[in-house]
Amino acid sequence: MSEAIDDMLAYTKLTDHFVIQQIRTSQDPQLAQSKRLLDRIDRRQLFKCVGQALLDRSIDKESVIKIIVEESEGKLTAKDFVVDVVKFDYGMKERNPVDCVWFYSKDNPTKPIKVHQNQVSHMLPMVFKEEQLRVYSTGTGREACSLAQSYFIRLCNMKKLAYESQGDEGFAHGSSYLTPVRQPLAETRINDTTKKRKLSEINQM
């Protein structure tokens, strides 16, 4: 398949279906793990994300695996979960892509100009790259997922990471990962009514 890049007709036929079928029918022992993963997808035995954390610094996946295995004291092995670091940016890593864009004004439409940070809205983002640590349980049972989740939360507390984790009883979160929950509308109306009553009493005094 690697040679298809030099043949455009062959390259256009490298669809997902073609690649998957090549894996399924291959006798190469190096593709045995890939075949097992495809079989799990067919059976809907999908890995479950037990939690994710925002990273404020780079972190090594191998060190995360080692810490979780050691903290579990033999209850978990490296095969019981998968660690992934996901990176998000605007295509230029830490840089603002708008800094590389030329603009034109109506007064002088033939002269390109740069727009500086102090010339744009203050509501624009100041950070253009984000990394998240995600941990998936390879086991599909409730006990396996719960165990992986508990040691993921312990890892986040050790590393002081803002995390979000979903269990059987809903979401758990640490630090400031989630935005504050809005006050229920009914409770807001009650508070507003109470404030108006107090103001009315003060004015009558």
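These numbers were taken from a predicted model, which means no experiment stands behind them. In what follows, every heavy atom counts, from backbone to side chain, and hydrogens, waters and symmetry copies are set aside.
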**Q** Quick one: name the residues clustered hydrophobically with Leu124, using the 4.5 Å side-chain heavy-atom rule over I, L, V, M, F, W, Y, and just say none if it's on its own.
**A** Val98, Val101, Phe103, Ile113, Val115, Val120
**Q** Just to verify, what does Tyr90 make a ring pair (Phe, Tyr, Trp, His ring centres under 6.0 Å) with, not counting sequence neighbours?
**A**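 With sequence neighbours excluded, Tyr90 shows a ring pair (Phe, Tyr, Trp, His ring centres under 6.0 Å) to Phe128, given in chain and number order.
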**Q** Enumerate the residue pairs fulfilling salt bridge (Lys or Arg N to Asp or Glu O under 4.0 Å) with a member in residues 110-119, sequence neighbours excluded, ordered by first and then second residue.
**A**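 Qualifying pairs: none.
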**Q** Only counting residues at least two apart or in another chain, list the ones meeting side-chain contact (heavy atoms from CB on, under 4.5 Å) with Asp60.
**A**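 Residues passing side-chain contact (heavy atoms from CB on, under 4.5 Å) with Asp60: Glu62, Ser63.
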**Q** Could you pull out all residues at least two apart from Asp39 that satisfy salt bridge (Lys or Arg N to Asp or Glu O under 4.0 Å)?
**A**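 So Asp39 forms a salt bridge (Lys or Arg N to Asp or Glu O under 4.0 Å) with Arg43.
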**Q** Please identify each residue that fulfils side-chain contact (heavy atoms from CB on, under 4.5 Å) with Ser105, with sequence neighbours left out.
**A** Asp107, Asn108
**Q** Please identify each residue that fulfils side-chain contact (heavy atoms from CB on, under 4.5 Å) with Lys159, with sequence neighbours left out.
**A**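 Checked Lys159 against side-chain contact (heavy atoms from CB on, under 4.5 Å); matches are Arg57, Ile67, Leu155, Leu161.
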**Q** For Arg95, give me all partners under salt bridge (Lys or Arg N to Asp or Glu O under 4.0 Å), at least two apart in sequence or on another chain.
**A**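 Salt bridge (Lys or Arg N to Asp or Glu O under 4.0 Å) check on Arg95 returns nothing, list empty.
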**Q** Quick one: do Lys129 and Glu131 make a salt bridge, cutoff under 4.0 Å?
**A**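 Looking at Glu131 together with Lys129, the answer is yes, because their closest N to O distance falls below 4.0 Å.
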**Q** Just list the side-chain donor-acceptor pairs under 3.5 Å for residues 13-23, sequence neighbours left out, or say none.
**A**
from, atom 1, to, atom 2, distance (Å)
Thr15, OG1, Phe18, N, 3.3

**Q** Can you list, by chain and residue number, the hydrophobic cluster partners of Phe88 when the side-chain cut-off is 4.5 Å?
**A** Val86
**Q** Kindly write out the residues that satisfy side-chain contact (heavy atoms from CB on, under 4.5 Å) with Val83, not counting sequence neighbours, or none if the list is empty.
**A** Lys61, Val64, Ile65, Phe81, Leu133, Val135
**Q** So which residues get pulled into Val82's cluster when ILVMFWY side chains under 4.5 Å apart are joined, directly or through others?
**A** Leu37, Phe47, Tyr136
